[in-house]
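Inspection log for the structure reproduced underneath, given as C-alpha cells.
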There are 2 protein chains.
Amino acid sequence: MLSQAEENYLKEIYALGEETQKLVSTNSIAKKMRTKASSATDMLQKLANKGLVDYTKYKGARLSKKGETRAMVIVRKHRLWETFLVDKLGFSWDEVHDIAEQLEHIQSKTLTDRLDAFLEYPSHDPHGHPIPNTNGKIVASESIILAELKVDQEGIVVGVKDASDSFLKYLNKINITIGDTIKIVEIEPFDNSVTIDNNAQQITISGNVAKNLYIKS
Amino acid sequence: MLSQAEENYLKEIYALGEETQKLVSTNSIAKKMRTKASSATDMLQKLANKGLVDYTKYKGARLSKKGETRAMVIVRKHRLWETFLVDKLGFSWDEVHDIAEQLEHIQSKTLTDRLDAFLEYPSHDPHGHPIPNTNGKIVASESIILAELKVDQEGIVVGVKDASDSFLKYLNKINITIGDTIKIVEIEPFDNSVTIDNNAQQITISGNVAKNLYIKS
DNA sequence: CTTATTTTTTAGATTAGACTAAAAATATTT
DNA sequence: AAATATTTTTAGTCTAATCTAAAAAATAAG
Ligand SMILES: [Mn+2]
Ligand SMILES: [Mn+2]
Ligand SMILES: [Mn+2]
Ligand SMILES: [Mn+2]
C-alpha cells in the first residue's frame with residue numbers, strides 16, 4: 001500500500017508528464033509538491049526502488065507502466081469526488097479541489113466504483129477533465145484550446161486547462177462556464193488578447209486565458 | 001490540526017469512556033488501537049500536553065472538554081459517512097466501518113454539514129448509533145437492551161451495541177435488523193439465553209447477543 | 001506485610017518524510 | 001574551453017509514530 005505522500009507524488013508526476021510527454025525534472029516536481037528539491041530526490045529514489053518510476057540521476061523521471069496504473073486510480077478518485085461534491089452536495093467548481101485532494105486517498109475499490117455508479121458514470125469532472133474508467137482508461141477527447149480558433153469561428157467551452165482557484169473565480173466573474181457557446185469577434189495580434197461573444201455579451205480576455213480554455217467546435 | 005493517529009486515539013478514548021464513565025486505562029486504549037501499551041503512553045502524554053486529555057501517570061486518562069469537542073466531530077463524521085455509504089451507495093451495515101474509519105478524517109466542516117443536509121439530517125447511523133449534530137450535541141435516546149425485557153414484553157430493535165463485522169453478519173443470518181419488532185417468548189435462567197419471536201419466526205439467541213441489541217418499547 | 005504478578009512508564013531504536021547546508025553534476029556565459 | 005550559474009544529489013538533522021526491553025509503580029496473593 002502506498003502512503004498519501006507517495007500517491008501525491010505519483011499523481012503530480014503523471015500531471016507533469018502528460019503536458020510535456022518527456023522526462024520530468026526534480027525541480028518541477030518539487031515545485032508542484034511545494035517542497036524542496038532534496039525531498040523530491042528522496043521520493044524519486046523510493047518510487048524508483050518500488051518500480052513505480054523510471055528514474056535516472058540528474059536526468060529526470062517518468063512513470064513506469066506500474067506507476068501509471070496507480071496514478072490513474074488516484075486521478076479517477078479525485079475527479080469522481082469532485083463531481084460528487086459539485087453535482088450532489090452543491091459545491092461550486094472553485095471549492096472542490098482541496099477536499100478532493102484528501103478524498104482521493106480513500107482506499108476502497110468498491111467505494112470508488114459505487115460512487116461512479118451513483119454519479120451515473122460521468123465522463124468528465126466539473127473542470128471538464130476526463131474521468132478514467134474502472135480500468136484506468138481515459139476516453140480521448142478531441143477538444144482544442146480557445147486560442148487556436150480564428151475570427152468568426154465558434155465553439156463550446158468543454159473544460160479548463162488551469163483549474164486553480166483564481167482562474168475559476170475569474171471565469172465566474174466574467175460569466176464563462178462549461179457549456180457556453182463562444183464566438184471569436186477579434187484577435188489582437190499585439191498581445192494575443194481575444195474579444196469574444198458569449199451569451200450576447202462581448203468581452204476581451206487575455207491570450208493567457210484563451211490558452212486555458214478547452215473548446216469543442 | 002490533529003494527525004489521523006491523534007484523531008483515532010481521541011475517538012477510542014471517547015468510546016471507552018462512554019461505557020464505563022470512569023478513567024480509561026493505558027492497556028485498554030492500547031488494545032482498542034491494536035498497538036502496544038508503550039505507544040499508548042506516548043500518545044497519552046502528547047494529547048495531555050495539547051490539553052486534549054486529562055491524564056495522570058499510572059492512573060489513567062479521560063477526555064478534557066476540548067478533547068471531547070474534537071472527538072464528537074470525528075464521531076459525527078464517521079456516522080454520517082456510514083449513513084451515506086448505506087443509504088446512497090447501497091452498502092450493507094457490515095461493510096461500512098473500515099471505509100468510514102478513513103473518511104472520518106477528511107477535514108472540511110462545510111463538507112460535513114453539506115453531507116448532513118444531503119442525507120436529510122439523519123439522527124442515527126446504520127447501526128442505530130446517534131449522530132452528533134453540527135454543534136457536537138447528541139440527542140439522548142431512551143433505549144434499553146434486549147436483555148432487560150421480561151417475558152411477553154415486546155420492543156423495536158433500534159440499534160446494536162457491538163457493531164463488529166461478525167456480530168452484524170450473525171444478525172443478517174438470523175434475520176434481525178433495525179426496525180424489527182421483537183417479542184420475548186422465554187428466558188432461560190441457566191445461561192440467560194432468550195427465545196424471541198420476530199416476523200413470526202421463533203429463534204433463541206444467547207445472553208451475549210441479548211446484551212448487544214438496543215430496544216425501544 | 002512481604003513477595004509475586006500485572007500494569008504502566010521510560011529508554012533507546014527504527015522508519016517515513018521533511019528540512020538545511022554542502023558537494024557534485026550539468027548547463028550557460030563569457 | 002574556462003568560468004560561472006543552475007540544478008540535482010548527498011549528508012546529516014528533526015519530528016511523529018511505532019516497536020522492544022528494561023525499570024518503576026500498583027495490585028494481588030500468600
Ligand atoms: Mn492528495
Ligand atoms: Mn478537476
Ligand atoms: Mn480512523
Ligand atoms: Mn456505526
Side-chain angles (χ1 to χ4, degrees), chain A residues 1-14 16-17 19-20 22-63 67 70-71 74 98 101-102 104-105 107, chain B residues 1-14 16-17 19-20 22-63 67 70-71 74 101-102 104-107:
Chain A
M1 236 211 52
L2 300 178
S3 69
Q4 292 206 183
E6 290 169 317
E7 290 198 339
N8 286 331
Y9 272 96
L10 281 185
K11 196 183 51 155
E12 296 307 349
I13 293 168
Y14 168 76
L16 290 166
E19 294 184 34
T20 60
K22 35 191 242 201
L23 289 177
V24 299
S25 72
T26 302
N27 249 358
S28 63
I29 295 170
K31 204 155 291 171
K32 261 262 174 124
M33 299 299 299
R34 300 154 150 282
T35 183
K36 295 298 154 72
S38 53
S39 304
T41 299
D42 284 349
M43 186 55 89
L44 284 178
Q45 292 171 340
K46 185 179 355 172
L47 294 174
N49 278 337
K50 295 193 176 188
L52 296 164
V53 303
D54 297 324
Y55 163 65
T56 22
K57 234 174 149 174
Y58 290 109
K59 290 204 65 189
R62 68 158 46 91
L63 293 182
R70 304 300 294 262
I74 305 158
D98 291 349
E101 200 58 47
Q102 301 175 61
E104 70 191 359
H105 304 292
Q107 301 294 338
Chain B
M1 236 209 53
L2 300 178
S3 70
Q4 292 206 183
E6 291 170 316
E7 290 198 339
N8 285 332
Y9 272 95
L10 281 185
K11 195 183 52 156
E12 297 308 348
I13 295 168
Y14 168 76
L16 290 167
E19 293 184 34
T20 59
K22 35 192 242 200
L23 289 178
V24 299
S25 71
T26 302
N27 249 359
S28 63
I29 295 170
K31 203 154 293 169
K32 262 263 175 122
M33 299 299 299
R34 302 155 150 281
T35 182
K36 294 298 153 70
S38 53
S39 304
T41 299
D42 283 349
M43 187 55 90
L44 284 178
Q45 292 171 339
K46 189 188 339 178
L47 294 175
N49 279 336
K50 294 193 177 189
L52 295 164
V53 303
D54 296 324
Y55 163 66
T56 23
K57 237 176 146 173
Y58 290 109
K59 289 205 65 188
R62 68 158 47 90
L63 293 182
R70 303 302 292 263
I74 304 159
E101 200 57 47
Q102 301 175 61
E104 71 191 357
H105 303 291
I106 303 295
Q107 302 294 338

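Proteins come first, then strands; the chains are lettered A, B, ... in the order of their sequence lines, and each starts at number 1.
- Expressed to the nearest 0.5 Å, how far CE of Met43(B) lies from CD1 of Ile13(B) amounts to 8.5 Å.
- Summarising the geometry, the separation between NZ on Lys31(A) and C1' on dT6(D) is reported as 11 Å, rounded to the nearest angstrom.
- Whole-Å rounding puts the Leu23(B) CG to dT7(C) P distance at 17 Å.
- Computed from coordinates, the Asn8(A) CG to dA18(C) P distance equals 9 Å when rounded to whole Å.
- Contacts between residues 49-59 of chain A and DNA chain D, counted as heavy-atom distances below 4.0 Å, involve Tyr55(A), Lys57(A), Tyr58(A).
- You'll find the side chain of Glu104(B) reaches within 4.5 Å of the side chain of Asn8(B), heavy atoms only.
- The distance from atom CG of Leu2(B) to atom P of dT15(D) is 19 Å, rounded to the nearest whole Å.
- Looking at heavy-atom distances under 4.0 Å, Thr41(A) makes contact with a base.
- OP1 or OP2 of dA18(C) has not a single side-chain nitrogen or oxygen of Ser39(A) nearer than 4.0 Å.
- With DNA chain C read from its 5' end, the first of the two nearest nucleotides for Lys36(A) and Ser3(A) is the one closest to Ser3(A).
- For Asp42(B) and dA13(C), the CG to P distance is 15 Å, given to the nearest whole Å.
- Looking at heavy-atom distances under 4.0 Å, Thr26(A) makes contact with sugar-phosphate atoms alone, never a base.
- Atom CE of Met33(A) is separated from atom P of dC19(C) by 10 Å (rounded to the nearest Å).
- Here Gln107(B) pairs with Glu7(B) under the side-chain hydrogen bond (donor to acceptor under 3.5 Å, both in side chains) rule; sequence neighbours left out.
- Side chain of Glu12(B) to main chain of Tyr9(B): no donor-acceptor pair is present (N/O by atom type, distance under 3.5 Å, no hydrogens or angles).
- How far CD1 of Ile74(A) is from NZ of Lys11(A): 8.0 Å, rounded to the nearest 0.5 Å.
- Residue Asn27(B) places no side-chain N or O under 4.0 Å from the OP1 or OP2 atom of dT6(C).
- Proximity of Thr35(A) to the phosphate of dC19(C): a side-chain N or O atom is located under 4.0 Å from OP1 or OP2.
- Minimum interatomic distance between Gly17(B) and Val24(B) (heavy atoms only, all atoms of both residues): N-CG1, 3.6 Å.
- Look at Ser38(B) and you won't find any side-chain N or O under 4.0 angstrom from OP1 or OP2 of dC19(D).
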Show the atom names and distances, to 0.1 Å, of all donor-acceptor pairs under 3.5 Å that link a side chain in residues 27-40 of chain B to residues at least two apart or in another chain.
{"from": "Ser28(B)", "atom 1": "OG", "to": "Ser25(B)", "atom 2": "N", "distance (Å)": "3.3"}
{"from": "Ser28(B)", "atom 1": "OG", "to": "Ser25(B)", "atom 2": "O", "distance (Å)": "2.8"}
{"from": "Ser28(B)", "atom 1": "OG", "to": "Ser25(B)", "atom 2": "OG", "distance (Å)": "3.1"}
{"from": "Thr35(B)", "atom 1": "OG1", "to": "Ser39(B)", "atom 2": "OG", "distance (Å)": "3.4"}

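- Taking atom CE of Met43(B) as the reference point, atom P of dC19(D) lies 11 Å away to the nearest angstrom.
- Distance Gln45(B) CD to dA16(D) C1': 14 Å, rounded to the nearest Å.
- Looking at heavy-atom distances under 4.0 Å, Ala37(B) makes contact with a base.
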